[in-house]
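In what follows, a structure is listed as structure tokens, so that the remarks can point back to it.
Values below: all heavy atoms of this structure, side chains included; hydrogens, waters and symmetry mates excluded. First the proteins, then the strands, lettered A, B, ... as listed; each starts at 1.
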There are 2 protein chains.
Amino acid sequence: MPDSNSIALSGKTLRSSKQRQSILDILTQQHAHLSAEEIYQSVKLLHPSISLGTVYRNLEILTEIGAVYRASFADGKARYEMASPGHHHHLVCLKCGNIEDIMECPMAKDIESFMENRDFQPLRHYFEIYGHCAKCKQK
Amino acid sequence: MPDSNSIALSGKTLRSSKQRQSILDILTQQHAHLSAEEIYQSVKLLHPSISLGTVYRNLEILTEIGAVYRASFADGKARYEMASPGHHHHLVCLKCGNIEDIMECPMAKDIESFMENRDFQPLRHYFEIYGHCAKCKQK
DNA sequence: ATCGCTGCAAATCATTTGCAGCAGC
DNA sequence: GCTGCTGCAAATGATTTGCAGCGAT
């Protein structure tokens, strides 16, 4: 049961750093689904000496404390975004690669009642739709 | 539009090989979600000199021609299984790692009608539920 | 005789980690 | 000053690829 006042991570007390703050700023501002590499490129503009390792380390921590949401996609790369209060899913365009959020959750109705009949306790789930977005549809 | 008699892959005409046949046999018999490494270990019992590269190459080809279905999971590893006529989704146990198929598809009802209102053409989708299976639930 | 397939090893790609110094608290 | 955080570089793990020889059609 995490305490919202003193954020701790497996016994550790988190400190702040300019690098971590910048990563959060970028995720907040760009409001997008960014790969670690993309975040790295963006933070490098502010902190030219930052390393990819630091980006990964911070994304790991931020994901663990629930500030950031990590989603893995079919291309094997993870994307990160600020954790939003209501969870959501994704529309991924196979042509331009754009990722759009959808708030509809399939866990809602029939699946949920179906789960009750199964002897399985769902904790989290992922739902991603791949296809062609409005722009790429017509081509 | 692929021709079911002469299976071709981007201009190539496929030949058969004992290795490829063994991979298909294993996927058919074990009827499970196997990682490339697990498949490799199984095939090695029949073909001790087979290489992991060959396993990957065949899985790639078999996936392309639609004989095998590849799913990527949150741990970053892909799992392979024989392509079944009706597509399905997965229940993944976070404790024992067991993966169970579920035939229920969230694309069915409300999501599908919702997609019609969006300017997005869905082509494929993934839905995976992570949690604790019957066995691991009680601990 | 083609040309796809194989084993092997080296190459990639995403991500993780060990280490010594630096920086918040 | 303690200890978390950083840059750097090397390590890891999954997957891909170049190459020369083998094997199926």
Side-chain angles (χ1 to χ4, degrees), chain A residues 5-26 33-65 67-80 97, chain B residues 5-26 33-65 67-80 97:
Chain A
N5 289 330
S6 68
I7 295 173
L9 184 65
S10 61
K12 286 188 179 184
T13 305
L14 295 190
R15 288 175 189 168
S16 72
S17 75
K18 295 179 177 179
Q19 291 86 337
R20 178 172 304 159
Q21 193 52 53
S22 292
I23 291 174
L24 283 171
D25 287 348
I26 284 162
H33 308 74
L34 302 172
S35 67
E37 179 66 35
E38 290 168 332
I39 294 169
Y40 171 58
Q41 294 302 333
S42 288
V43 194
K44 234 177 14 178
L45 299 177
L46 302 168
H47 302 279
S49 66
I50 198 176
S51 69
L52 232 197
T54 295
V55 172
Y56 273 107
R57 261 185 295 232
N58 276 300
L59 289 173
E60 170 68 23
I61 290 171
L62 293 171
T63 300
E64 266 190 66
I65 65 174
V68 162
Y69 173 72
R70 181 206 334 242
S72 39
F73 290 89
D75 68 352
K77 268 195 269 190
R79 307 292 149 83
Y80 302 82
Chain B
N5 290 330
S6 68
I7 295 174
L9 185 63
S10 59
K12 285 187 180 182
T13 305
L14 294 190
R15 286 175 189 167
S16 71
S17 74
K18 295 178 177 180
Q19 291 87 338
R20 179 172 303 158
Q21 195 51 55
S22 293
I23 291 173
L24 283 171
D25 287 348
I26 285 162
H33 307 74
L34 302 172
S35 66
E37 179 66 34
E38 289 169 332
I39 294 169
Y40 171 57
Q41 293 303 333
S42 288
V43 194
K44 238 187 356 189
L45 300 177
L46 302 167
H47 302 280
S49 66
I50 199 178
S51 70
L52 232 196
T54 295
V55 173
Y56 274 108
R57 260 185 295 232
N58 275 300
L59 289 172
E60 170 68 22
I61 290 171
L62 293 170
T63 300
E64 266 190 67
I65 65 174
V68 162
Y69 173 72
R70 183 209 329 246
S72 39
F73 290 90
D75 68 352
K77 268 195 267 189
R79 308 293 149 84
Y80 302 82

Pairs counted as Watson-Crick or G-U wobble with both distances under 3.5 Å: what dot-bracket string results for DNA chain C, using | for bases tied to another strand? ||||||||||.|||.||||||||||

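The distance between atom CD1 of Ile23(B) and atom C1' of dG7(C), rounded to the nearest whole Å, is 13 Å. Taking atom CG on Leu34(A) and atom C1' on dA14(C), their separation rounds to 16 Å, with Å as the unit. Between Lys44(A) atom NZ and dG7(D) atom C1' the separation is 13 Å, expressed in whole Å. The distance between atom CD1 of Ile39(A) and atom C1' of dA14(C), rounded to the nearest whole Å, is 13 Å. Put simply, CD1 on Ile65(B) is 14 Å from C1' on dG4(C), counting in whole angstrom units. Taking atom CD1 of Ile61(A) as the reference point, atom P of dT15(C) lies 16 Å away to the nearest angstrom. Summarising the geometry, the separation between CG on Asn58(A) and P on dC5(D) is reported as 8 Å, rounded to the nearest angstrom. Across the protein-nucleic acid pair, His47(B) atom NE2 and dC5(C) atom C1' stand 13 Å apart, rounded to whole Å.
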Tell me which donor-acceptor pairs under 3.5 Å the side chains of residues 48-55 of chain A have, and how far apart each pair is, sequence neighbours excluded?
| residue | atom | partner | partner atom | Å |
| --- | --- | --- | --- | --- |
| Ser51(A) | OG | Thr54(A) | N | 3.3 |
| Ser51(A) | OG | Thr54(A) | OG1 | 3.1 |

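Partners of Phe73(B) by ring pair (Phe, Tyr, Trp, His ring centres under 6.0 Å), not counting sequence neighbours, listed by chain and number: His90(B). Applying the side chain to side chain donor-acceptor pair (under 3.5 Å) test to Ser72(B) and every residue at least two apart in sequence or in another chain returns nothing. The side chain to side chain donor-acceptor pair (under 3.5 Å) test applied to Arg70(B) returns Glu60(B), Tyr80(B), not counting sequence neighbours. The salt bridge (charged side-chain N to carboxylate O under 4.0 Å, His left out) check on Asp75(B) picks up Arg79(B), with sequence neighbours excluded. Scored by the side chain to side chain donor-acceptor pair (under 3.5 Å) test, Ser22(B) finds His47(B) as partners (sequence neighbours excluded). With sequence neighbours excluded, no residue satisfies side chain to side chain donor-acceptor pair (under 3.5 Å) with Gln19(B).
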Under a 4.0 Å heavy-atom criterion, the protein footprint on nucleotides 15-25 of chain D, written with B, S and -, is BBBBB---BBS

Do Gln41(A) and Glu38(A) pass the side chain to side chain contact (heavy atoms under 4.5 Å, CB included) test, and can you show the C-alpha distance, the side-chain angles, and the key distance before you say yes or no? CA-CA 5 Å; Gln41(A) 294 302 333; Glu38(A) 290 168 332; 5.7 Å; no

Determine, step by step, whether Leu24(A) and Val68(A) satisfy the side chain to side chain contact (heavy atoms under 4.5 Å, CB included) criterion, reporting the C-alpha distance in whole Å, the side-chain angles of both residues, the deciding distance to 0.1 Å, and the verdict. CA-CA 8 Å; Leu24(A) 283 171; Val68(A) 162; 4.3 Å; yes

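For Gln19(A) and dA23(C), the shortest distance from a side-chain N or O to OP1 or OP2 is not below 4.0 Å.
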